[in-house]
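I have placed the structure first, in the form of structure tokens, so that the comments after it can refer back to it.
Along the sequence shown, residues are numbered consecutively beginning with 1.
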Amino acid sequence: MGITVIAAIIGIVVGLGIGVMVGITYRKKVAEKEIGSAELEATRLINEAIRSGENRKKEMLLEAKDEIHKSRTEHDKEVKERRAELSKQERRLEQKEATLDKKTEAFERKEEDLAKKLAKVAETQAQADQIKAQQMETLERISELTQEQAKQYLLQSVEEEVRHEAAMKIKEIEQQLKDEAEDKAREVISTAIQRCAADHAAEVTVSVVALPNDEMKGRIIGREGRNIRTLETITGVDLIIDDTPEAITVSSFDPVRREIARLALEKLIVDGRIHPTRIEDMVEKARKEVDRTIKEEGERACYETGVHNLNPELVKILGRQKYRTSYGQNVLNHSIEVAHIAGLMAAELGMDVALAKRAGLLHDLGKSIDHEVEGSHVQLGADLARKYKENAVIVNAIEAHHGDVEPKTVIAILVQAADAISAARPGARRENVENYIRRLQKLEELTGSYPGVEKAFAIQAGREVRIMVKPEIVTEDNMILLARDIAKKIESELEYPGQIKVNVIRETKAVEYAK
């Protein structure tokens, strides 16, 4: 029994071993079969990936070629458009050149006509002299007058005749030249003004510092006035502390000092510590800040106008104009505006635009220091320009912009015109009532001082003067000459913005009563 059990167990073990061997062999075959299938599948996937990659590569190449073709087409189109635009510009320039040539030829023809007319006037004068000589011989022969009496008679008659003809010729020629010059000047100036936009607001020259409360006034004054004395001594300004609530007025003829004092006061008010030592520190900081602002403003003006290579000292002097005003107009803004207008007019006339802008920017250079040094701002500005080696054209433009010297170049005349345009436009400057009334009175006195003038009236805010003459003293011919003489005298003796129109009026009345 025991042997049977053992034999059974051994049989089971042997069977299990054989089963295990068979299972292992079977699993090995199944695994090998699966591995082979996986390898086939992997090979298939790889082949498909290769084919897909090649297809993708071909597609990308085709897309790249399409993109290149598209870019090339767009580039060719853009090149064609630019060439067409350049061709248009060239045609436009050629048309402008042709127009300018025509205008030049017309101007030359007009000059020739004027020369012929002047020659004709001279010929008329010669004929009048000849007639005069013949009349003198005839009168000496047929009259019992002395030669001196005959001479006086002939002189008077010929003088009246020639005076009439000369006055009419002068009027005709002047009117023709005026019309031509006004048309051209109006075209150039209107184009320049149209292209130059400027601020019309006038600046206020009074500096007022706001206070947080009225108690701050006492702290600024200090014990026995030591703080206010220190501030006034260091800055050179006068502090006006009155009943105005929460405000202090800073008064000084020097706008730079006034600005330093204003900044220092504002810093002290914010800081709260007000004593002599702190005042000195704040004034020094404000002075450095103003110096930095002056330099930055000078550089800004050069950048805005496109003026380069200015001496650094000239840039600083130019920047000081930020704190200067003329009849309420900021001088730096005025100089920038004059530079732009002069440059635009120079471009219209085919002149040197950069030189015109430089002259316009520096024309009021002397106003930065004219209150510190004796002399007019014109002379001071010219001296500064010479000192820092500026072009002779610039120096002449500075000297001539108020008519102190004769303009030698077209640039100087353009600066004169640009300065007048900037100063005379509405809202640019303001004038106090006293100076305004004094100017009108002087204008009326000057025009009323001529013999034969009955009354003179300044109208249109001094832009026009109407002169009533006595008809029995001033003839029609003399009116033209009188108007010229008065205009010349106004130009030489008066200072005024813009221009003044002189109107001479002669009226003859005949009154009778029917009874």
Side-chain angles (χ1 to χ4, degrees), residues 202-299 312-332 364-377 379-381 383-384 387 432:
E203 292 198 358
V204 180
T205 57
V206 177
S207 297
V208 178
V209 179
L211 303 178
N213 51 62
D214 284 338
E215 294 179 1
M216 186 61 70
K217 291 183 179 180
R219 297 179 62 186
I220 291 173
I221 295 171
R223 183 181 301 173
E224 298 178 356
R226 64 174 187 172
N227 290 344
I228 193 171
R229 281 199 306 272
T230 302
L231 188 57
E232 289 180 340
T233 302
I234 295 174
T235 58
V237 304
D238 293 327
L239 296 182
I240 302 173
I241 301 177
D242 52 19
D243 295 336
T244 305
E246 299 180 358
I248 291 180
T249 303
V250 181
S251 174
S252 174
F253 290 108
D254 189 331
V256 176
R257 290 181 181 179
R258 189 170 64 243
E259 180 66 11
I260 292 172
R262 185 185 67 80
L263 289 175
L265 261 177
E266 290 179 351
K267 291 178 183 294
L268 287 169
I269 292 168
V270 172
D271 184 64
R273 294 173 291 172
I274 304 177
H275 52 80
T277 304
R278 192 63 180 167
I279 290 172
E280 292 178 1
D281 294 340
M282 289 301 182
V283 168
E284 186 61 28
K285 287 181 180 179
R287 186 174 284 112
K288 290 179 179 178
E289 184 175 338
V290 170
D291 289 341
R292 184 170 62 254
T293 302
I294 286 172
K295 183 181 178 183
E296 291 174 354
E297 287 296 322
E299 292 172 348
E313 291 301 320
L314 275 185
V315 174
K316 291 180 182 178
I317 294 172
L318 188 65
R320 295 182 69 182
Q321 292 182 356
K322 174 180 171 61
Y323 300 107
R324 295 302 310 275
T325 58
S326 178
Y327 295 97
Q329 185 181 31
N330 184 275
V331 176
L332 182 58
D364 270 345
L365 198 63
K367 286 188 177 180
S368 301
I369 57 172
D370 61 357
H371 63 287
E372 302 170 359
V373 182
E374 291 186 1
S376 68
H377 77 276
Q379 188 58 46
L380 293 174
D383 293 341
L384 284 172
K387 178 180 177 182
N432 62 48

Atom pair [atom1]/[atom2] of [X] and [Y] - distance to nearest 0.5 Å:
| X | Y | atom1 | atom2 | value |
| --- | --- | --- | --- | --- |
| L380 | D364 | CG | CG | 11.5 Å |
| D291 | R320 | CG | CZ | 9.0 Å |
| R257 | E232 | CZ | CD | 13.0 Å |
| I260 | R287 | CD1 | CZ | 5.0 Å |
| I274 | T230 | CD1 | OG1 | 12.0 Å |
| L263 | E259 | CG | CD | 4.5 Å |

Side chain proximity check, [X] to [Y], heavy atoms < 4.5 angstrom:
| X | Y | result |
| --- | --- | --- |
| L314 | L318 | no |
| V250 | L239 | yes |
| S251 | V237 | no |
| R292 | K295 | no |
| V315 | E299 | yes |
| E313 | L384 | no |
| I220 | L268 | no |

Distance-minimising heavy-atom pair for [X] and [Y]:
| X | Y | answer |
| --- | --- | --- |
| A264 | A286 | N-CB, 3.8 Å |
| N227 | H275 | OD1-CA, 3.6 Å |
| N330 | Q321 | OD1-O, 3.9 Å |
| E280 | I234 | CG-CD1, 3.3 Å |
| K322 | E297 | CD-CG, 3.1 Å |

Salt bridge (charged side-chain N to carboxylate O under 4.0 Å, His left out) with [X]: which residues, sequence neighbours excluded?
| X | result |
| --- | --- |
| E266 | R262 |
| E289 | K267 |
| R229 | none |

